[in-house]
Structures are given as C-alpha cells and as structure tokens.
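Every value quoted in this text rests on a predicted model; they were computed, and no experiment measured them.
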Amino acid sequence: MAAEPAADDRSWRLRHLPVLVAVSAVVAALGAAAGGVLGGADAALGVAAGVAVTVASYVLTTVVLAWADARNPQLVLPFGVGLYVAKFTLLGGVMVAVASTGWAGVVPLCLGIAVGVVVWTGAHIWWLSTVHARRTRG
C-alpha cells in the first residue's frame with residue numbers, strides 16, 4: 001500500500017499528538033519523581049505542572065492551527081499570532097500570580113516548563129524527520 005501524499009491526507013496535522021503527549025507524560029512523571037526526591041512535594045508538583053502547562057499549550061496550538069489550515073491555509077498566520085499573544089499573556093499573568101504566593105514550587109514549575117519545551121520540540125523534530133518523512137516519500 002503506497003503512502004498517501006501529505007496534501008491528500010487531512011489527518012496528518014494531528015497524527016503526531018499521541019506520541020508527543022506520551023513522551024511528555026513520561027518526562028513529567030520522571031521530573032516529578034526527581035523533584036520529589038530533590039525538593040519534596042512542592043517541587044514534584046511544580047515540575048509536573050510545568051510540563052503539563054507546556055503540553056496543554058502545544059496541543060491547543062496544534063489543534064487550532066490544524067483546524068485553521070483545514071479551513072483555509074491563509075488563516076494559519078492570523079490564528080497563530082493571535083493564539084501566541086493570548087497564550088503568552090495568560091502564561092505571564094499566571095506566572096506573576098503564582099510567584100506572588102511564595103509557593104516553593106515556582107522554580108520547579110519554571111524548570112518543568114523549560115524541560116517540557118525541550119522534550120516536546122525534540123520529539124517533534126524526531127517525528128518529522130523519521131515517521132512523517134517516511135509517509136511523505138512515496
């Protein structure tokens with residue numbers, strides 16, 4: 001069976017999500033365990049929440065942009081920019097609010113966000129360069 005060209009296969013836009021979410025869940029669990037050992041319950045919760053924030057952000061972006069692209073590719077830029085502005089405004093507000101509480105998990109939360117970004121990006125690069133590349137060749 002020949003691979004469908006990406007342009008003819010509408011579901012390719014979301015096909016990577018289960019793999020990236022699973023990889024992120026493993027990293028969140030490992031990070032929470034490390035945080036728990038090194039910093040207690042607040043650190044464990046902070047790391048896990050940080051990775052979860054990153055995953056939620058990327059999943060939201062992927063779903064919205066896939067929807068926009070399926071409707072009209074010219075919608076991707078305005079939806080992408082609008083979503084970017086909205087997400088970072090919300091994230092900034094939440095981070096300021098959380099930091100003002102004096103919670104001990106703030107630094108682990110920030111580390112979880114950073115690790116989540118690196119892991120999601122790395123897994124996405126792997127997906128695009130291996131799995132998706134095989135689908136589009138042939």
Side-chain angles (χ1 to χ4, degrees):
M1 173 165 67
E4 275 187 86
D8 297 335
D9 179 10
R10 301 284 239 187
S11 67
W12 70 267
R13 294 174 185 88
L14 302 175
R15 209 175 265 149
H16 65 288
L17 282 182
V19 172
L20 273 60
V21 169
V23 168
S24 297
V26 169
V27 168
L30 292 173
V37 168
L38 298 173
D42 285 337
L45 180 61
V47 172
V51 174
V53 164
T54 301
V55 170
S57 173
Y58 283 139
V59 168
L60 175 65
T61 299
T62 301
V63 170
V64 168
L65 294 184
W67 174 86
D69 188 41
R71 299 304 173 270
N72 182 347
Q74 291 182 339
L75 293 175
V76 171
L77 181 61
F79 273 81
V81 171
L83 197 55
Y84 181 84
V85 169
K87 286 189 325 183
F88 277 92
T89 301
L90 179 62
L91 180 61
V94 168
M95 292 301 292
V96 167
V98 170
S100 71
T101 67
W103 178 48
V106 170
V107 171
L109 173 71
C110 295
L111 291 172
I113 290 170
V115 168
V117 167
V118 169
V119 167
W120 184 281
T121 303
H124 203 174
I125 289 168
W126 168 82
W127 173 270
L128 290 171
S129 64
T130 58
V131 178
H132 185 70
R134 280 194 305 267
R135 291 178 190 275
T136 58
R137 281 186 233 132

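- No continuous path of ILVMFWY side-chain contacts below 4.5 Å connects L111 to V117, so the two sit in separate hydrophobic clusters.
- With rounding to the nearest 0.5 angstrom, the CG atom of L90 is 11.5 Å from the CE atom of M95.
- Taken from CG in L77 to CG in L65, the straight-line distance is 10.0 Å, to the nearest 0.5 Å.
- Taken to the nearest 0.5 Å, the CH2 atom of W67 stands 13.5 Å off from the CG atom of L14.
- Minimum interatomic distance between S24 and V55 (heavy atoms only, all atoms of both residues): CB-CG2, 3.3 Å.
- Under the ring-ring contact (aromatic ring centres under 6.0 Å, His included) criterion, the residue pairs touching residues 41-66 are Y58-W120, with sequence neighbours excluded.
- Nearest heavy-atom pair across A32 and A48 is CB-CB, 4.1 Å.
- With T121 as reference, I125 is the one residue of V118, I125, V119 to meet the side-chain contact (heavy atoms from CB on, under 4.5 Å) rule.
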request  = Verify side-chain contact (heavy atoms from CB on, under 4.5 Å) between V131 and H16, making sure each step is shown before the conclusion.
outcome  = CA-CA 9 Å; V131 178; H16 65 288; over 6 Å; no

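- In this structure, L30 is not a member of the same hydrophobic cluster as V115, with clusters built from ILVMFWY side-chain heavy atoms closer than 4.5 Å.
- In terms of hydrophobic clustering, with Ile, Leu, Val, Met, Phe, Trp and Tyr side chains grouped at heavy-atom distances under 4.5 Å, V51 and L20 are assigned to a common cluster.
- Counting only distance, with no hydrogens or angles, the side chain of S100 and the backbone of A97 share a donor-acceptor pair below 3.5 Å.
- Hydrophobic clustering, with ILVMFWY side chains joined whenever heavy atoms are under 4.5 angstrom apart, groups V106 together with F88.
- Residue pairs satisfying the side chain to side chain donor-acceptor pair (under 3.5 Å) criterion with at least one member in residues 41-56, sequence neighbours excluded, are listed as follows: D42-W103.
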ask   = Does the pair V23 and W126 meet the rule for a side-chain contact (heavy atoms from CB on, under 4.5 Å), with working shown?
value = CA-CA 12 Å; V23 168; W126 168 82; over 6 Å; no

task = Report the C-alpha separation of V63 and L17 in whole Å, then their side-chain angles, then the decisive distance to 0.1 Å, and conclude whether the side-chain contact (heavy atoms from CB on, under 4.5 Å) test is met.
result = CA-CA 9 Å; V63 170; L17 282 182; 4.2 Å; yes

query = Would L83 and L60 count as a side-chain contact (heavy atoms from CB on, under 4.5 Å) if you check the C-alpha gap in whole Å, the side-chain angles of each, and the deciding distance to 0.1 Å?
reply = CA-CA 9 Å; L83 197 55; L60 175 65; 3.9 Å; yes

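- For T62, there are no side-chain hydrogen bond (donor to acceptor under 3.5 Å, both in side chains) partners at least two apart in sequence or on another chain.
- Taking hydrophobic clusters as Ile, Leu, Val, Met, Phe, Trp and Tyr residues chained together by side-chain heavy-atom distances below 4.5 Å, V21 shares a cluster with L128.
- Atoms NZ and OG1, from K87 and T61 in turn, are 2.5 Å apart once rounded to the nearest 0.5 Å.
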